[in-house]
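All figures in this text were calculated on a predicted structure; none of them were measured in a lab. First the proteins, then the strands, lettered A, B, ... as listed; each starts at 1.
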There are 2 protein chains.
Amino acid sequence: MSDGLQILIVDDEIQIRRFLRISLEAHGYRVYETVDGQEGILKTAQLRPDLIILDMGLPGMDGLEVLKRLREWTQTPVIILSVRDSDRDKVAALDAGADDYLTKPFSMDELLARLRTAQRHAQPQPQAATFTSGHLYVDLTRRLVMVKDAPVKLTPTEYALLRLLIQHAGKVLTHQQILRAVWGPEYVQETHYLRVYFAQLRHKIEVNPALPEIILTEPGVGYRLKTTG
Amino acid sequence: MSDGLQILIVDDEIQIRRFLRISLEAHGYRVYETVDGQEGILKTAQLRPDLIILDMGLPGMDGLEVLKRLREWTQTPVIILSVRDSDRDKVAALDAGADDYLTKPFSMDELLARLRTAQRHAQPQPQAATFTSGHLYVDLTRRLVMVKDAPVKLTPTEYALLRLLIQHAGKVLTHQQILRAVWGPEYVQETHYLRVYFAQLRHKIEVNPALPEIILTEPGVGYRLKTTG
DNA sequence: GAGAACATCAAGAAAGTATCAAGAATGATT
DNA sequence: AATCATTCTTGATACTTTCTTGATGTTCTC
């Protein structure tokens with residue numbers, strides 16, 4: 001389904017809101033409602049929805065004005081609903097930054113398809129999550145580990161362990177925390193696993209495994225990943 | 001104006017093409033025309049237009065098929081024109097990767113506004129239409145696979161698999177990602193398929209299938225396509 | 001220096017992977 | 001409508017990598 005994407009509906013007609021809510025929730029979206037434009041802007045700032053469905057004919061501040069105000073600070077996809085089918089309105093809305101424009105009455109299937117399209121367009125550029133320490137370089141998005149510019153092969157467990165350390169780089173992770181996170185709660189007693197796997201990891205990652213510079217032991221407590229390098 | 005953006009029109013009706021050309025050129029676009037889908041794909045590969053206007057009702061390969069073929073290798077915005085106003089057609093086109101869908105007759109002002117919107121959505125990610133690694137050469141626009149300068153026949157599934165790997169070349173694709181993308185979400189358990197199909201692919205693509213140099217296994221995780229070479 | 005915690009090595013068990021091949025399903029052709 | 005060729009699906013088996021376990025040596029703490 002839609003993984004619980006949040007949608008904000010800005011429409012003054014209660015029938016429309018109810019119809020949209022029921023249909024959208026049935027398709028796995030999380031729905032929020034607002035009656036007027038002023039509140040729509042406020043809620044957008046608060047909730048940070050993934051998508052906005054905006055009615056053109058609102059009391060007070062009209063839809064076009066709301067859209068313009070939104071576009072001053074956010075690129076959240078906005079789909080316009082309107083009873084007016086005139087070119088002038090469509091062009092004005094689209095050029096003000098709307099992502100699509102549907103004329104009432106519209107079919108739910110079409111709206112859903114256009115929601116998916118708008119959502120596709122919203123895809124932001126994924127920033128690479130990387131970590132560096134000494135000779136070690138890890139790209140978490142690519143699952144790539146390099147030591148001295150050479151790729152290193154890690155087993156699934158070794159990689160899970162390293163990733164955990166990176167996610168808490170600099171902080172001490174206790175034996176139990178590590179065992180719980182990597183192997184599961186039922187393994188908290190198996191401290192021997194830590195010995196074995198940290199030895200393997202160091203062997204693959206450290207320049208001199210006997211004198212670790214990146215994966216540090218905190219005796220009696222746990223392990224820690226050294227930051228900066 | 002439109003900074004001389006290149007637009008490719010794929011439509012078999014000469015009146016429509018002429019009408020579009022005149023209007024679009026008057027607004028500063030550079031216009032190219034094609035009559036059928038096959039040629040549309042070819043021209044897209046050659047010209048690399050900034051935008052494509054695609055008619056649904058084409059002779060031979062229909063618009064939806066053309067769209068799907070285009071989306072195998074390019075994200076160039078595509079605006080669909082159609083005489084059919086049915087939900088089914090709209091949903092199919094939008095979900096196949098169309099950026100917008102207009103029903104004939106349409107107003108030129110609206111089309112222009114939707115062109116501007118589509119253009120705004122265009123993400124500058126120049127995706128290569130061909131891929132090379134070692135003895136392997138793949139032309140995604142023609143669905144052509146060559147090994148050591150000799151064409152190789154792949155089944156639809158084998159090709160879908162290879163195309164997925166190419167689109168994420170260098171990155172590790174997990175078993176589940178692959179199964180979901182190629183076979184569908186309901187097949188994520190069928191890891192045996194991976195074994196069978198990767199063996200077949202390697203047999204057709206690798207010089208020595210037992211010592212793969214292009215399709216690499218990441219044990220316990222997934223597979224990866226080697227870049228460069 | 002004794003005891004506890006930590007590191008290392010290595011081998012068997014388990015899990016994951018590669019390959020072959022045959023039957024079922026699909027689609028084109030006559 | 002039946003035949004044929006291709007592709008998909010499934011199963012059996014051999015092989016490889018990773019996990020788990022135990023034995024043994026080292027370092028640190030008191």
Side-chain angles (χ1 to χ4, degrees), chain A residues 143 145 151-165 172-184 186-225, chain B residues 65 143 145 151-165 172-179 181-184 186-225:
Chain A
R143 202 189 182 277
V145 180
V152 170
K153 276 191 64 173
L154 298 186
T155 73
T157 307
E158 288 164 1
Y159 183 78
L161 190 54
L162 180 58
R163 199 183 53 192
L164 181 70
L165 291 171
V172 181
L173 282 160
T174 68
H175 299 144
Q176 321 234 316
Q177 283 179 312
I178 298 169
L179 287 164
R180 190 186 312 275
V182 175
W183 283 272
E186 63 272 31
Y187 286 74
V188 284
Q189 306 286 359
E190 308 280 349
T191 53
H192 187 42
Y193 277 25
L194 296 176
R195 312 274 138 66
V196 174
Y197 274 91
F198 272 98
Q200 286 176 6
L201 244 189
R202 281 172 170 157
H203 200 76
K204 292 185 178 180
I205 282 173
E206 298 280 0
V207 179
N208 182 355
L211 295 169
E213 295 178 336
I214 298 170
I215 299 173
L216 308 177
T217 302
E218 301 284 346
V221 186
Y223 294 85
R224 182 167 62 87
L225 197 69
Chain B
E65 185 59 29
R143 284 182 171 169
V145 180
V152 170
K153 268 194 69 175
L154 298 186
T155 72
T157 306
E158 287 164 2
Y159 183 78
L161 190 54
L162 179 58
R163 186 165 61 79
L164 181 71
L165 291 172
V172 179
L173 283 161
T174 67
H175 301 141
Q176 320 230 315
Q177 284 178 311
I178 298 168
L179 287 164
V182 175
W183 282 272
E186 62 273 30
Y187 285 74
V188 286
Q189 306 283 2
E190 308 280 350
T191 53
H192 188 43
Y193 277 25
L194 296 177
R195 311 277 134 67
V196 174
Y197 274 91
F198 272 98
Q200 287 175 4
L201 244 189
R202 280 174 171 156
H203 202 76
K204 293 185 178 180
I205 282 173
E206 298 279 358
V207 178
N208 182 355
L211 295 170
E213 295 179 335
I214 298 170
I215 299 174
L216 307 178
T217 301
E218 303 280 348
V221 185
Y223 294 85
R224 185 166 59 86
L225 198 69

Distance check needed: [N] [atom2] versus [X] [atom1], whole Å only.
{"X": "A/E206", "N": "C/dT8", "atom1": "CD", "atom2": "P", "result": "10 Å"}
{"X": "B/E190", "N": "D/dT9", "atom1": "CD", "atom2": "P", "result": "9 Å"}
{"X": "A/I215", "N": "C/dC6", "atom1": "CD1", "atom2": "P", "result": "15 Å"}
{"X": "A/K204", "N": "C/dT8", "atom1": "NZ", "atom2": "C1'", "result": "16 Å"}
{"X": "B/L201", "N": "D/dC8", "atom1": "CG", "atom2": "P", "result": "11 Å"}
{"X": "A/Q189", "N": "C/dA5", "atom1": "CD", "atom2": "P", "result": "13 Å"}

Would you mind telling me which of A/T157, A/L154, A/V196, A/T155 makes a side chain to side chain contact (heavy atoms under 4.5 Å, CB included) with A/L201?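 That would be A/L154.
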Passing option when B/I214 is tested against B/L165, B/I205, B/L162 for side chain to side chain contact (heavy atoms under 4.5 Å, CB included):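 The side chain to side chain contact (heavy atoms under 4.5 Å, CB included) with B/I214 is passed solely by B/I205 among B/L165, B/I205, B/L162.
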Please check the phosphate of [N] (OP1 and OP2 only) for any side-chain N or O of [X] closer than 4.0 Å.
{"X": "B/W183", "N": "D/dC8", "answer": "no"}
{"X": "B/T155", "N": "D/dC8", "answer": "yes"}
{"X": "A/Y193", "N": "D/dT21", "answer": "yes"}
{"X": "B/Y197", "N": "D/dC8", "answer": "yes"}

To the nearest 10 degrees, how far apart in direction are the end axes of the helix from C/dG1-D/dC30 to C/dT30-D/dA1, each fit to five base pairs?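 One end axis against the other gives 40°.
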Nearest 0.5 Å, what's the CD-CZ distance between B/Q200 and B/R202?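 Here the rounded value is 12.5 Å.
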To the closest 0.5 Å, what do you measure between CZ (A/R143) and CD (B/E218)?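 Answer for the CZ-CD pair, A/R143 versus B/E218, is 6.5 Å.
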Does the side chain to side chain contact (heavy atoms under 4.5 Å, CB included) test come out yes or no for A/Y197 and A/I178, once each step is laid out? CA-CA 11 Å; A/Y197 274 91; A/I178 298 169; over 6 Å; no
Tell me, yes or no, whether the heavy-atom count around A/E186 atom CD, taken from other residues, nucleotides or ligands under 6.0 Å, exceeds 12.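 Yes - once you tally the heavy atoms of other residues, nucleotides and ligands closer than 6.0 Å, there are more than 12.
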Quick one: side-chain contact (heavy atoms from CB on, under 4.5 Å) partners of B/E213, sequence neighbours excluded?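 In terms of side-chain contact (heavy atoms from CB on, under 4.5 Å), with neighbours along the sequence ignored, B/E213 is linked to B/E206.
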Side chain to side chain contact (heavy atoms under 4.5 Å, CB included) between A/W183 and A/E190, intermediate numbers included: CA-CA 9 Å; A/W183 283 272; A/E190 308 280 349; over 6 Å; no
Sub-3.5 Å pairs of nitrogen or oxygen atoms, protein against nucleotides 15-21 of chain C:
from: C/dT17; atom 1: OP1; to: B/G220; atom 2: N; distance (Å): 2.6
from: C/dT17; atom 1: OP2; to: B/R195; atom 2: NH2; distance (Å): 2.5
from: C/dA18; atom 1: OP1; to: B/R202; atom 2: NH1; distance (Å): 2.8
from: C/dA18; atom 1: OP1; to: B/T217; atom 2: OG1; distance (Å): 2.7
from: C/dA18; atom 1: OP2; to: B/Y223; atom 2: OH; distance (Å): 2.7

5′-ward residue of the pair A/E158/B/L154 relative to DNA chain D: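 Whichever sits nearer the 5' end wins; that is B/L154.
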The test is side chain to side chain contact (heavy atoms under 4.5 Å, CB included); show your working for A/L225 and A/L173 and say whether it passes. CA-CA 9 Å; A/L225 197 69; A/L173 282 160; over 6 Å; no
